[in-house]
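Below is one structure; the comments refer to it alone.
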Amino acid sequence: MPFKSDHALSLLSRARDNGRLGHAYLITGPKEARHEEFAARVLDLMVGTQFRTLEAWEGQGAIVLRPQSKSRRITIGDDGDDPGTIRFLEKMIRRTAAPNGWKLGVIVDAERMNVQAQNAFLKTLEEPPPNTLLLLLTTQPEQLLPTIQSRVIEIGLMPPPGARSFTDHEYKLLVVLEKLAARAAGTLSGALGLKADFESILEDLHEDLKKRHEADFERETEHYGKTTDGTWLKQREDQVEAQIEAEYIQQRSAMMDLLLSWFGDVARQQAGAENLDLPKFQAATAALAAKWDSGEVAKRIRILRQLESHLHTNVNEGLALEVSFIQAFA
C-alpha cells in the first residue's frame with residue numbers, strides 16, 4: 001500500500017520511538033514521488049538534522065551511490081577504493097560516521113545494480129555495522145533479487161496530487177497506448193505495428209537529443225576553437241557523443257517505466273486496486289482490463305520487464321524490441 005510522504009515519515013518516526021526501526025528500507029513508487037527528497041527527509045528525521053538534500057548529506061558522511069558511466073549501472077567495483085561502487089560503500093560505511101554516530105548509505109536507482117553488485121550488497125544487508133541505516137531507492141523493485149527484497153522493508157510512496165508530468169515523447173507514447181483497445185489483439189501485424197510506433201518515438205527522441213547536444217557543441221567550438229588545440233576538440237566531441245547516448249539510455253528507461261506503469265494499471269484495475277500510476281488514463285486502461293484476461297496482462301508485463309532488463313546490456317535495440325513485442329502482443 002503506497003503512502004503519502006508525510007504519513008510514511010510519521011510511521012518511521014513511530015517505529016524509531018518504539019525501538020522497532022529496521023536497518024534497511026526499500027523506497028518505491030513512480031519517479032514523481034521524489035525518492036531522493038524523501039530519503040533526505042528520512043535521514044534528517046533519524047539523525048535530528050536539517051540537511052534537506054542527499055547532496056548535502058554526502059558532505060556529512062552519508063555514502064550515496066548513483067548509476068555510473070554511459071551504461072548507467074552500479075557495479076561491484078574492483079576494490080574499496082573504487083568510488084561509486086558496492087565495494088566502496090562496503091568499505092566506507094564501516095569507516096565513516098554521520099552526525100550522532102550514524103552510518104548511512106543510500107543507493108539511488110537501486111535497480112541499476114547488476115547481479116554481481118546485488119549479490120555483493122547482500123553481505124552488508126545481512127551484517128551491517130551497528131547504528132546503520134540503508135535506503136534503496138527505485139521505481140522498479142521487481143528488478144532486485146528476491147534475496148534483497150526479502151531483507152528490506154518496503155515503503156511505497158504516492159506522488160503529490162497533480163505531480164506527474166510527461167515529456168513530449170512520453171505523451172506520444174501515451175497517445176499510442178490509448179489506442180490499444182481498438183487494435184487487433186493477439187496478431188503479428190498488431191504486435192509489429194505497436195513495436196513500430198514505439199521504435200519511431202525512440203528514434204525521434206534520439207534525434208532530438210542529438211540536435212540539442214550538437215548545437216551546444218557547435219557554439220562551444222565557435223567560442224573556444226581558436227584558443228585551444230585539436231586534442232581538446234576531439235576529446236570534447238567524444239564527450240558529447242557519450243552524453244547523447246547516456247541521456248538517451250536514461251530517457252529510454254523512462255519510456256519503459258511509463259510502458260510498465262500503463263500495463264501495471266491494467267493489472268491493478270483487474271484486481272480492483274484504487275491507486276493507479278496514471279489516473280488520468282483510467283478509462284483507457286479500464287478498457288484493456290475488460291478486454292484482456294489477467295493471464296495475458298501478467299505475461300505482457302513479465303516480457304516487458306525482461307525487455308527493460310535486456311536494454312541495459314549490449315543487445316541490439318531493434319532486435320530486442322521486435323522479439324519482445326512479438327512475444328508479448330502477437
Side-chain angles (χ1 to χ4, degrees), residues 1-66 74 86 89-90 92-111 113 118 120-161 163 268 273-275 277:
M1 176 181 176
F3 302 101
K4 293 181 179 180
S5 59
D6 287 345
H7 184 54
L9 280 173
S10 70
L11 294 176
L12 286 170
S13 178
R14 190 184 311 164
R16 177 201 59 189
D17 295 342
N18 293 335
R20 299 174 60 185
L21 186 69
H23 72 273
Y25 288 88
L26 178 65
I27 312 303
T28 65
K31 61 183 179 181
E32 290 79 11
R34 303 170 186 168
H35 298 174
E36 293 190 44
E37 178 183 310
F38 179 77
R41 293 179 67 191
V42 171
L43 300 187
D44 283 337
L45 173 69
M46 296 305 156
V47 182
T49 55
Q50 291 291 323
F51 294 126
R52 302 183 187 280
T53 68
L54 289 185
E55 288 75 13
W57 266 107
E58 286 184 86
Q60 298 295 327
I63 311 303
V64 181
L65 298 191
R66 302 175 186 276
I74 297 173
I86 293 299
L89 182 147
E90 289 176 336
M92 296 305 296
I93 206 165
R94 296 176 187 278
R95 295 188 177 185
T96 307
N100 296 331
W102 280 88
K103 295 182 178 296
L104 307 172
V106 182
I107 302 181
V108 179
D109 294 339
E111 77 280 357
M113 287 190 287
Q118 292 191 49
F121 183 59
L122 279 173
K123 180 180 179 183
T124 301
L125 275 180
E126 293 170 344
E127 302 174 8
N131 219 28
T132 290
L133 180 63
L134 300 169
L135 302 178
L136 284 71
L137 319 182
T138 180
T139 60
Q140 301 175 49
E142 67 279 352
Q143 296 289 342
L144 297 174
L145 295 175
T147 45
I148 285 186
Q149 294 184 51
S150 65
R151 288 167 172 79
V152 296
I153 300 170
E154 182 173 354
I155 300 176
L157 296 180
M158 296 172 59
R268 281 184 277 273
E274 295 182 1
N275 295 309
D277 281 354

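The first residue in the sequence is number 1, and the count goes up from there.
When Val152, Val106, Leu137 are each tested for a side-chain contact (heavy atoms from CB on, under 4.5 Å) with Ile27, only one passes: Leu137.
Minimum heavy-atom separation, Ala98 to Leu104: CB-CD1, 3.6 Å. Shown here for Ala62 and Leu43, the closest heavy-atom pair between the two residues is CB-CD1, 4.4 Å. Ile74 and Val108 get closest at one heavy-atom pair: CD1-O, 3.6 Å. Scanning all heavy atoms of the two residues, the minimum distance from Asn131 to Asn100 falls at ND2-O, 3.7 Å. Between Ser5 and Leu157, the closest heavy-atom pair is CA-CD2, 4.3 Å. Across all non-hydrogen atoms, the minimal contact from Ile155 to Ala8 is CG2-CB, 3.9 Å.
The backbone N or O of Leu45 lies less than 3.5 Å from a partner atom in the side chain of Arg16, making a donor-acceptor pair. The backbone N or O of Pro146 sits less than 3.5 Å from a side-chain atom of Ser150, completing a donor-acceptor pair.
For Arg66, the salt bridge (charged side-chain N to carboxylate O under 4.0 Å, His left out) partners are Glu36, Glu55, not counting sequence neighbours. With sequence neighbours left out, the side-chain hydrogen bond (donor to acceptor under 3.5 Å, both in side chains) criterion links Gln118 to no other residue. Checked against side-chain contact (heavy atoms from CB on, under 4.5 Å), Arg14 has the following partners two or more places apart in sequence or in another chain: Leu11, Asn18. By the salt bridge (charged side-chain N to carboxylate O under 4.0 Å, His left out) test, Asp277 is found to be paired with Arg268, residues two or more places apart in sequence or in another chain being considered. Applying the side-chain hydrogen bond (donor to acceptor under 3.5 Å, both in side chains) rule to Thr132 yields no partners; only residues at least two apart in sequence or on another chain are considered. Looking at residues two or more places apart in sequence or on another chain, you find no side-chain hydrogen bond (donor to acceptor under 3.5 Å, both in side chains) involving Glu58. Taking Asp17 as the reference, nothing meets the salt bridge (charged side-chain N to carboxylate O under 4.0 Å, His left out) condition, with sequence neighbours excluded. Legend: residues meeting side-chain hydrogen bond (donor to acceptor under 3.5 Å, both in side chains) with Gln149, ordered by chain and number and at least two apart, are absent.
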Distance-only donor-acceptor pairs under 3.5 Å for side chains of residues 120-128, two or more places apart:
residue : atom : partner : partner atom : Å
Glu126  : OE2  : Arg151  : NE           : 3.0
Glu126  : OE2  : Arg151  : NH2          : 3.0

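The stretch residues 20-31 participates, sequence neighbours left out, in these salt bridge (charged side-chain N to carboxylate O under 4.0 Å, His left out) pairs: Lys31-Glu170. Pairs of residues two or more places apart, or lying in two chains, that qualify as ring-ring contact (aromatic ring centres under 6.0 Å, His included) and include a residue from residues 5-41 are Phe3-His7. Residue pairs meeting the ring-ring contact (aromatic ring centres under 6.0 Å, His included) criterion with at least one partner in residues 42-64, sequence neighbours excluded, are Phe51-Trp57.
Counting only heavy atoms from C-beta outward, the side chains of Val42 and Leu133 approach each other to under 4.5 Å. The shortest distance between side-chain heavy atoms of Lys103 and Thr96 does not fall below 4.5 Å.
To the nearest 0.5 Å, atom CG of residue Leu26 and atom CG of residue Leu134 are 12.0 Å apart. Rounded to the nearest 0.5 angstrom, Ile107 CD1 and Leu65 CG are separated by 5.5 Å. To the nearest 0.5 Å, the span separating CD on Gln60 from CG on Asp44 amounts to 10.0 Å. Distance CZ/Arg41 to CE/Met46: 11.5 Å, rounded to 0.5 Å.
Within a 6.0 Å radius of CZ in Arg94, more than 12 heavy atoms belonging to other residues, nucleotides or ligands are found.
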